[in-house]
Amino acid sequence: MKGNIALIAHGGAGGINYAHRRSKGLRKAVEEGYEILRQGGSSLDAVEESAVILEDTPVFNAGTGSYLNLSGEVEMDASIMTSEMSFGAVGVIRDIKNPIRVARMVMEKTDHLLLCGDNAIKFARYMGAPYHNPKTREKEFIWRRRKRRMESRYFKRIGAFADHFGTIGVVAIDMNGLISVATSSGGINLRLPGRVGDTPIIGAGTYADRNGGVSTTGHGEEIMRQLLAFRVVTLMSKMPASKAGRKTLAQATKAGCQCGMIGIDRKSRILCLNNTKAMSWCYVKGGRMRTFPAE
Ligand code: ASP
């Protein structure tokens, strides 16, 4: 029997500044992904294509427009997973336009789950991904302004910069019931070079199994401690997506984890929650699109 297709995307839990640009990018990404599902395509293709659009939209903290690390470089993380438990990821990858495509290549073309740093770049080039500079003037300006304010107490103050979560994520279910999740991030503004966040860590930033799929955003170190995506998906075996999300979010909030999450369970029920000041999102279910912030 054909199931109900659905697709949801988020643009990070760090607020909704540049609301119009965010909503426009999210709508475009969701329309593209949903069309793939509508034509009978797989949720894996749908989440990848939606994530590519979001990576190419500089207002988000992923791909072009990623935040800069302490040395002023862009280092990106991305992962992709299906409910059949296939997973692929890249960490601290540079000079690439679409890290999510490289994550899918790790999943499909290697026996590994996660490639990092220079060797992830070598792999991407070997697979045909050309050089691309993802640094934008806008994010360089934010980096300069914040770095000046930081003085020398870096480690005590890094938390103050964590309000800029702008990672992107997409979750979809196709006509055959396959659920897929894609998450892509430029990490936290001014983080130490070499830092890997939650995004490419299975069960933290991304997780899917036959019960559902979840993509998370927020303070990566805390999300890793909570294994946030895994916990929500596991609860989906016993309860609807939104209830599983609410329960897990309550525990995460108690533990001081600033985060947001989107998800879909096996019955195509949607989850979209955050405990930060705001998270932008967009979804289509039953042919009806909803977006936040609405225009
Ligand atoms: N979760 C990301 C990280 O910590 C940041 C974000 O969500 O924007 O790397």
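Given the structure is predicted, the values throughout are model-derived calculations rather than measurements. All residue numbers in this chain count up from 1 along the given sequence. Whatever order the structure lists ligands and atoms in, that order sets their numbers, starting from 1.
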If we only count N/O pairs under 3.5 Å, is Thr217 in contact with ligand 1?
yes

Would you say Asp77 and ligand 1 have an N/O pair spaced under 3.5 Å apart?
no

Taking the ring of Phe141 and the ring of Trp143, is the distance between their centroids below 6.0 Å?
no

Atoms in ligand 1 flagged as close to Asn61, the criterion being non-hydrogen separation under 4.0 Å:
8 (O)

Would you please determine whether Gly12 falls within less than 4.0 Å of ligand 1 on a heavy-atom basis?
no

Does an N or O from Gly187, backbone or side chain, lie closer than 3.5 Å to an N or O of ligand 1?
no

Does ligand 1 come near enough to Gly166 that some N or O of the ligand is less than 3.5 Å from an N or O of the residue?
yes

Please work out whether any backbone atom (N, CA, C, O) or any side-chain heavy atom from C-beta onward of Met76 is under 4.0 Å from ligand 1, and answer side chain, backbone, both or neither.
neither

Do His10 and Thr167 pass the side-chain hydrogen bond (donor to acceptor under 3.5 Å, both in side chains) test, and can you show the C-alpha distance, the side-chain angles, and the key distance before you say yes or no?
CA-CA 8 Å; His10 75 75; Thr167 291; over 6 Å; no

Before signing off on this row, confirm whether Gly197 and ligand 1 have an N or O atom pair separated by under 3.5 Å.
no

Once the angle between the rings of Phe230 and Tyr207 is folded into 0 to 90°, is it parallel (under 30°), tilted (30 to 60°) or perpendicular (over 60°)?
perpendicular

To which of Arg191, Met279, Arg195 does the heavy atom nearest atom 4 (O) of ligand 1 belong?
Arg195

Using distance alone, decide if ligand 1 has a nitrogen or oxygen within less than 3.5 Å of any nitrogen or oxygen in Asp198.
yes

We want to know whether Gln39 and Glu35 form a side-chain donor-acceptor pair, criterion being a heavy-atom distance below 3.5 angstrom.
yes

Examine distances only and state if a side-chain atom of Asp174 and a backbone atom of Ser43 form a donor-acceptor pair shorter than 3.5 Å.
yes

Say whether Ser79 and Thr183, considering side chains only, have a donor N or O and an acceptor N or O under 3.5 Å apart.
no

For the atom pair CZ (Arg22) and OG (Ser280), what is the distance rounded to the nearest 0.5 Å?
4.5 Å

